[in-house]
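Presented below is the structure to which this report refers.
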Amino acid sequence: MIPDRMLKELNQQINEELYSMYIYEAMAADLEYEGYRGMATWLRVQAREEKIHADIFYNFITERQTHLELDAIAKPPKEWESPLEVFRAAYAHEQHITGRINHMVKVAQETGDNASWKMLQWFVEEQVEEEANTSEAVQQLEIAGDQAQAVLMLDREMGTRVFAVPPTAPYYPKPGQPTGP
Ligand code: FEO
């Protein structure tokens with residue numbers, strides 16, 4: 001069984017990861033509407049990764065014979081001022097998620113829950129990449145500035161991102177569980 005305090009945090013993290021998926025879908029929809037199809041593709045790939053993050057917590061909790069309780073997902077914003085503002089918001093969101101992961105590592109230590117601590121180490125590394133990816137997009141959009149041609153080149157480049165299941169993801173998939181499309 002998972003200690004109650006730890007379980008509360010893990011449950012909340014499913015919600016945080018599903019909200020991450022949802023806000024990146026919202027950002028993609030906004031950029032798609034504005035004509036930035038490449039960046040929209042990049043964000044939709046990111047949204048699919050967030051679903052995998054949620055699935056890892058889901059699988060981990062159910063694997064430990066614990067009754068999972070799902071909460072409502074908050075409504076994300078509909079629009080942002082510019083592609084730069086989208087990626088600034090994405091970077092800030094990833095920093096928030098890093099804070100959540102660090103907090104959970106602390107709770108795992110305090111409750112002596114070694115299994116949670118070990119599983120969370122994958123997310124500690126993953127967050128380094130998540131922050132790097134979004135801050136790089138911010139940096140490149142800042143460099144491009146008002147030059148439409150540079151922004152469109154970046155849009156094309158970001159549109160080449162393809163989805164792949166992270167090969168090292170813990171508790172994913174569960175044995176016998178499909179990985180989905
Ligand atoms: Fe699941 Fe982007 O953190």
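In listed order, ligands and their atoms are each counted from 1. Keep in mind the model is a prediction, meaning the values are calculated, not measured.
Around atom 2 (Fe) of ligand 1, protein N, O or S atoms at less than 2.8 Å number 4.
Under a 3.5 Å cut-off, the side chain of Thr111 and the backbone N or O of Val107 do form a donor-acceptor pair.
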Please step through side-chain contact (heavy atoms from CB on, under 4.5 Å) for the pair Phe123 and Ile56, ending with a clear verdict. CA-CA 10 Å; Phe123 282 96; Ile56 293 171; 3.8 Å; yes
Can you check ring pair (Phe, Tyr, Trp, His ring centres under 6.0 Å) on Trp42 and Phe87, steps first, answer last? CA-CA 11 Å; Trp42 193 98; Phe87 283 94; 5.6 Å; yes
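Checking each of Ile97, Ile73, Asn11 against Glu16 for a side chain to side chain contact (heavy atoms under 4.5 Å, CB included) leaves exactly one that passes, namely Ile97.
Salt-bridge annotation for Arg88 and Glu81: absent, with no side-chain N of the basic residue lying under 4.0 Å from a carboxylate O of the acidic one. Under 4.0 Å is where a charged nitrogen must lie from a carboxylate oxygen, and between Asp4 and Lys8 no such pair does.
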